[in-house]
Amino acid sequence: MPCPALKNDLLLRALRRQPVPRTPVWIMRQAGRYLPEYRELRARAGSFMALCTTPELACEAALQPLRRFPLDAAILFSDILTIPDAMGLGLHFADGEGPQFTKPLRSEADIDRLKAVDTPAQLGYVPATVRLLRQELAGSVPLIGFAGSPWTLATYMVEGGTSRDFRQIKSLLYANPAALHRLLAVLAQSVADYLGAQIHAGAQAIQIFDTWGGVLSHAAFQEFSLRYMREIIAALKADPDTAGAPIILFTKGGGQWLEPLAASGCDAVGLDWATDLGAAQAQVGGQVALQGNMDPAVLRAPPERIRREVAQILGSIQGRSGHVFNLGHGIPPDVPVENVAAFIDAVREASK
């Protein structure tokens with residue numbers, strides 16, 4: 001069945017740096033714990049992974065914020081760690097502790113046993129969710145697919161979960177870089193195939209989450225993070241069936257690498273709140289679109305303060321094309337729903 005034409009294509013136009021009548025807005029983690037209906041759905045699913053791996057439930061989670069707010073995009077509901085989970089590392093989520101692996105990679109032999117993921121065979125629930133979402137969206141707004149960057153996935157796989165000092169992965173990086181490169185190469189192939197499958201299933205834009213790129217030194221970022229994101233982008237752009245989907249790169253803590261990120265082949269660079277949007281626009285705005293970048297903590301403030309922050313960020317780029325408004329990271333779970341509504345309304349009104 002052919003998909004209907006988009007009624008709201010502001011996001012895709014902005015990512016291509018085309019003129020738009022107002023700035024499009026979506027929110028990282030826009031489907032999540034700050035919504036009471038999400039908490040009910042999560043309880044009904046029984047576990048976070050059951051929610052992610054059941055297409056009907058994942059589709060419902062992705063649609064929930066669009067029923068509340070006039071957002072300009074939907075984003076696939078999933079997790080960045082689906083690929084390592086499919087590799088057999090035993091992903092599970094402990095309450096209050098985040099993701100954990102029962103079989104972290106702690107030796108060269110562990111790394112060398114890994115094989116690239118076969119998305120249709122091992123992660124077929126993700127393209128199935130994308131297809132279902134496209135059907136339910138009925139052309140209302142674009143659908144964003146996503147994956148974690150190879151470096152970010154590797155940090156979780158080697159550390160065994162979230163880390164404060166990244167001791168295990170950095171020890172591997174400096175003591176045995178060849179083994180880490182082998183791991184990252186397998187992950188890059190898996191991520192490229194995985195994102196390609198999402199686009200084939202109907203995702204109209206892609207975001208690569210490089211959550212932990214900012215913990216690297218300048219040289220290490222180029223070698224162990226950016227290199228593999230460039231490989232993924234090149235693979236997607238080389239395939240005529242996936243080349244048309246704009247690609248957003250988001251490296252948290254990556255403001256010092258704007259120029260190499262913009263030169264990666266991506267269509268847009270996501271910014272966290274530590275980077276001045278106007279300065280970034282002046283530096284690389286002629287090459288790529290920019291996404292961001294309000295501090296998520298602002299959403300805990302009164303609506304008037306939220307409106308002032310939105311106006312300040314929009315004012316820094318003076319209405320130039322090629323901007324997608326977003327937070328500088330994911331929305332916190334304790335943010336009041338009415339403050340999210342105030343934020344979205346402020347972007348829509350102030351950017352006209």
Using a 4.5 Å cut-off on heavy atoms from C-beta on, say whether the side chain of E136 contacts that of C59.
yes
Does any non-hydrogen side-chain atom of L71 lie less than 4.5 Å from one of V141?
no
Can any side-chain N or O of [X] pair as donor or acceptor with the backbone N or O of [Y] at less than 3.5 Å?
X: D72; Y: N8; result: no
X: R39; Y: R33; result: yes
X: S47; Y: A50; result: yes
X: S321; Y: P19; result: no
X: R29; Y: H329; result: no
X: Q204; Y: A245; result: no

Which atom of [X] lies closest to which atom of [Y], heavy atoms considered:
X: K7; Y: A138; result: NZ-O, 2.8 Å
X: V130; Y: Q198; result: CG1-O, 3.7 Å
X: P70; Y: D345; result: CG-OD1, 4.4 Å
X: Q30; Y: L66; result: NE2-CD1, 3.8 Å
X: L6; Y: S140; result: CD2-C, 4.5 Å
X: C52; Y: A58; result: O-CB, 4.0 Å

Would you please indicate yes or no on a ring centroid separation below 6.0 angstrom for Y228 and W151?
no
For the residue pair F146 and F209, is the inter-centroid distance of their aromatic rings smaller than 6.0 Å?
yes
Under 3.5 Å, is there a donor on one side chain and an acceptor on the other for T119 and D193?
no
State, without any angle test, whether T82 and D85 hold a side-chain donor-acceptor pair at a distance under 3.5 Å.
no
I need the [X] [atom1] to [Y] [atom2] distance, nearest 0.5 Å.
X: L153; Y: L184; atom1: CG; atom2: CG; value: 9.5 Å
X: L277; Y: R320; atom1: CG; atom2: CZ; value: 9.5 Å
X: L195; Y: I247; atom1: CG; atom2: CD1; value: 7.5 Å
X: Q168; Y: R106; atom1: CD; atom2: CZ; value: 4.0 Å
X: I344; Y: W26; atom1: CD1; atom2: CH2; value: 12.5 Å
X: L172; Y: L183; atom1: CG; atom2: CG; value: 7.5 Å

Partner of F325 by side-chain contact (heavy atoms from CB on, under 4.5 Å), out of R348, R22, M294, Q291
M294
Exactly one candidate in L226, T251, L261, L216 meets side-chain contact (heavy atoms from CB on, under 4.5 Å) with D210; the answer is T251
Group every Ile, Leu, Val, Met, Phe, Trp and Tyr by side-chain heavy-atom contacts under 4.5 Å, then state whether [X] and [Y] land in the same group.
X: Y34; Y: F77; result: yes
X: L132; Y: L41; result: no
X: I83; Y: I233; result: yes
X: L290; Y: W273; result: no
X: L15; Y: L10; result: no

Tell me whether the rings of W257 and F221 are parallel (<30°), tilted (30 to 60°) or perpendicular (>60°).
parallel
Quickly, which of F224, F166, F250 forms a ring-ring contact (aromatic ring centres under 6.0 Å, His included) with W212? Name it, please.
F166
Could you tell me whether R167 atom CZ has more than 12 heavy atoms of other residues or ligands within 6.0 Å of it?
no
If we check salt bridge (charged side-chain N to carboxylate O under 4.0 Å, His left out) with E37, which of these qualifies: R44, R42, R68, R67?
R68
Should T152 and S149 be marked as a side-chain hydrogen bond (donor to acceptor under 3.5 Å, both in side chains) after you check the CA-CA gap, both sets of side-chain angles, and the distance that decides it?
CA-CA 5 Å; T152 291; S149 71; 3.1 Å; yes
After noting the C-alpha distance and the side-chain angles of R300 and I306, does the key distance pass the side-chain contact (heavy atoms from CB on, under 4.5 Å) rule?
CA-CA 9 Å; R300 298 189 181 101; I306 294 170; over 6 Å; no
Apply side-chain contact (heavy atoms from CB on, under 4.5 Å) to residues I206 and I248 and explain how you reach the verdict.
CA-CA 6 Å; I206 289 295; I248 309 162; over 6 Å; no
side-chain contact (heavy atoms from CB on, under 4.5 Å) for T275 and D272? Distances and angles first, verdict last.
CA-CA 6 Å; T275 300; D272 65 23; 3.9 Å; yes
Might you work through the side-chain contact (heavy atoms from CB on, under 4.5 Å) test for H181 and R227, ending with a clear yes or no?
CA-CA 10 Å; H181 277 303; R227 167 183 168 179; 3.3 Å; yes
